[in-house]
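See below for the structure under consideration.
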Number of protein chains: 2
Amino acid sequence: MKLYHSWLSSASRRVRLCLAEKHIAYESVPIDMRRQEHHQPAYLAMNPNGVVPALRLDNGESLYESGTICEYLDDIQPEPPLRPDDAYQRAVMRNFVRWTDDKALPNLLILNWSIVFQPQAQQWSDAELADRLSRVPTAERREAWQRISRQPYTDEEKRAALDRLLALVPKMEAMLGDSPWLFGERFTLADIAAIPFIARIAELSPASLTAEAAPRVAAWWQRVQARPAFASARIDRFDDALRERAA
Amino acid sequence: MKLYHSWLSSASRRVRLCLAEKHIAYESVPIDMRRQEHHQPAYLAMNPNGVVPALRLDNGESLYESGTICEYLDDIQPEPPLRPDDAYQRAVMRNFVRWTDDKALPNLLILNWSIVFQPQAQQWSDAELADRLSRVPTAERREAWQRISRQPYTDEEKRAALDRLLALVPKMEAMLGDSPWLFGERFTLADIAAIPFIARIAELSPASLTAEAAPRVAAWWQRVQARPAFASARIDRFDDALRERAA
């Protein structure tokens with residue numbers, strides 16, 4: 001299979017982590033979002049939402065939405081299992097993944113887009129912006145591109161976004177209890193869903209992840225980084241990755 | 001188990017349909033949303049988002065999110081199965097359910113809230129509105145209540161919402177092909193996800209569901225209404241239900 005992804009996007013990182021945990025071989029196809037490669041017709045045929053990632057199967061079919069892709073991978077390659085065996089725990093896990101999609105991701109986008117896209121997008125002429133927006137398939141993302149290019153987020157808005165993003169930490173602290181992972185002894189898709197956000201929080205607000213501030217999440221984050229899949233999925237530091245890209 | 005639900009909410013209707021298809025017995029606990037019963041602490045302990053429905057299990061645990069609840073019910077009561085056997089089809093089904101959550105539901109809320117809540121909410125004093133908003137747990141729903149009470153949707157906005165809601169019809173027309181149900185010969189959670197929206201479209205825009213306008217969806221809708229679960233789940237007409245409630 002082929003994964004169309006970006007190195008820095010949280011959803012792409014989740015799918016790379018899941019593929020790595022499962023030891024599933026795949027071809028990596030990095031997408032340059034600044035060049036709108038994810039809004040080209042060939043890409044939109046795989047993912048009509050025009051966001052990364054998209055997974056192309058060997059039979060030519062394709063899938064999108066990181067949560068959906070990860071459950072699919074756990075279905076076709078059951079070992080090691082990445083969902084709880086218990087039906088109720090599986091349901092709670094799905095709601096946690098959804099919570100990160102609804103509550104964490106929009107706030108991380110505000111922070112990341114301000115760094116990655118704003119400097120370039122502010123320079124686009126009105127005609128260039130209109131042309132680019134015409135290729136964005138969803139109203140939500142058209143609005144996000146419009147904002148980042150013409151009405152960048154203020155420092156106050158970015159602080160508020162970070163505050164909302166940080167709500168993930170006490171939530172996870174409560175879930176972890178005395179367990180190594182969010183759903184007990186088994187590492188699951190809930191841990192994978194959280195990793196890109198905690199990785200970014202570790203960069204943006206390291207004080208929130210000290211052993212004093214959040215002992216269980218801090219220990220979880222150490223365990224996460226020690227997993228072989230963490231290295232092979234290339235969850236690089238955001239600023240390192242940007243420097244490398246610039247070079 | 002106990003289902004805390006409202007007769008008219010789309011998410012509640014989905015879960016009632018799923019329970020009925022599975023022949024799972026449950027206690028029905030209708031929630032009066034105009035009295036904010038879903039924002040009481042006891043309810044929020046079951047569903048922190050403060051929306052209907054919530055499912056209380058016999059062991060005291062609870063679940064929310066209609067998509068999550070329906071998959072849970074299909075896990076604990078496998079017959080009749082309500083998901084495709086094929087992993088890829090199951091993934092596509094999940095993305096369809098998510099599409100209805102993201103694209104259909106917000107538009108139906110604009111239309112339904114304008115009828116059900118606006119007349120009463122417009123009369124609330126500023127103090128009463130502030131008091132009510134203080135109990136709504138999510139920013140999204142606080143904004144929705146603020147809007148419906150102080151800046152009701154215009155006719156133009158409601159027409160636009162209906163237009164966006166109607167996008168479900170050609171999407172389903174394309175999916176159905178020559179099959180009786182959205183994922184082939186098996187009635188699935190995708191059909192259940194669509195039913196509350198098509199039921200409402202049948203009331204708001206019957207011309208969109210004629211045999212000429214959408215032959216496959218029109219035939220699907222006839223098949224849906226002939227299912228025993230449709231009657232036992234009480235997918236009543238919206239206006240009939242409101243009249244009954246007023247009486």
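So that the names make sense, note that chain A is the first sequence line, chain B the second, and so on, each numbered from 1.
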Heavy-atom distances under 4.5 Å only: say whether A:Ile69 touches chain B with side chain, backbone, both or neither.
neither
For A:Asn59, which atoms come within 4.5 Å of any heavy atom of chain B: side chain, backbone, both, or neither?
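Neither; nothing under 4.5 Å.
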Please determine, among B:Tyr64, B:Tyr88, B:Trp99, the option with the most heavy-atom pairs under 4.5 Å with chain A.
B:Tyr88
Between B:Gly67, B:Ala139, B:Ala87, which has the largest tally of heavy atom pairs under 4.5 Å with chain A?
B:Ala87
B:Glu173 side chain to B:Arg216 backbone, donor-acceptor under 3.5 Å:
yes
Mind ranking A:Thr138, A:Asn95, A:Ile76 by heavy-atom pairs under 4.5 Å with chain B and telling me who comes out on top?
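Going by pairs under 4.5 Å, I would pick A:Asn95.
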On a heavy-atom basis, which atom in A:Trp113 and which in A:Arg141 lie closest, and how many Å separate them?
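Smallest interatomic distance, heavy atoms only, reads CZ2-NH1, 3.7 Å.
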Atom of B:Met46, atom of B:Ser62 and distance for their closest heavy-atom approach:
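Where B:Met46 meets B:Ser62 most closely, the heavy atoms are CA-OG, 3.4 Å.
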Looking at B:Tyr72, does the NZ or CZ of A:Arg90 lie under 6.0 angstrom from its six-membered ring centre and within 45 degrees of the ring axis?
no
With a 6.0 Å cut-off (strictly less than), is the heavy-atom count around CD of A:Gln40, excluding the residue itself, greater than 12?
yes
What part of B:Asp86 gets within 4.5 angstrom of chain A, counting heavy atoms only: side chain, backbone, both, or neither?
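Answer is neither: B:Asp86 stays 4.5 Å or more from chain A.
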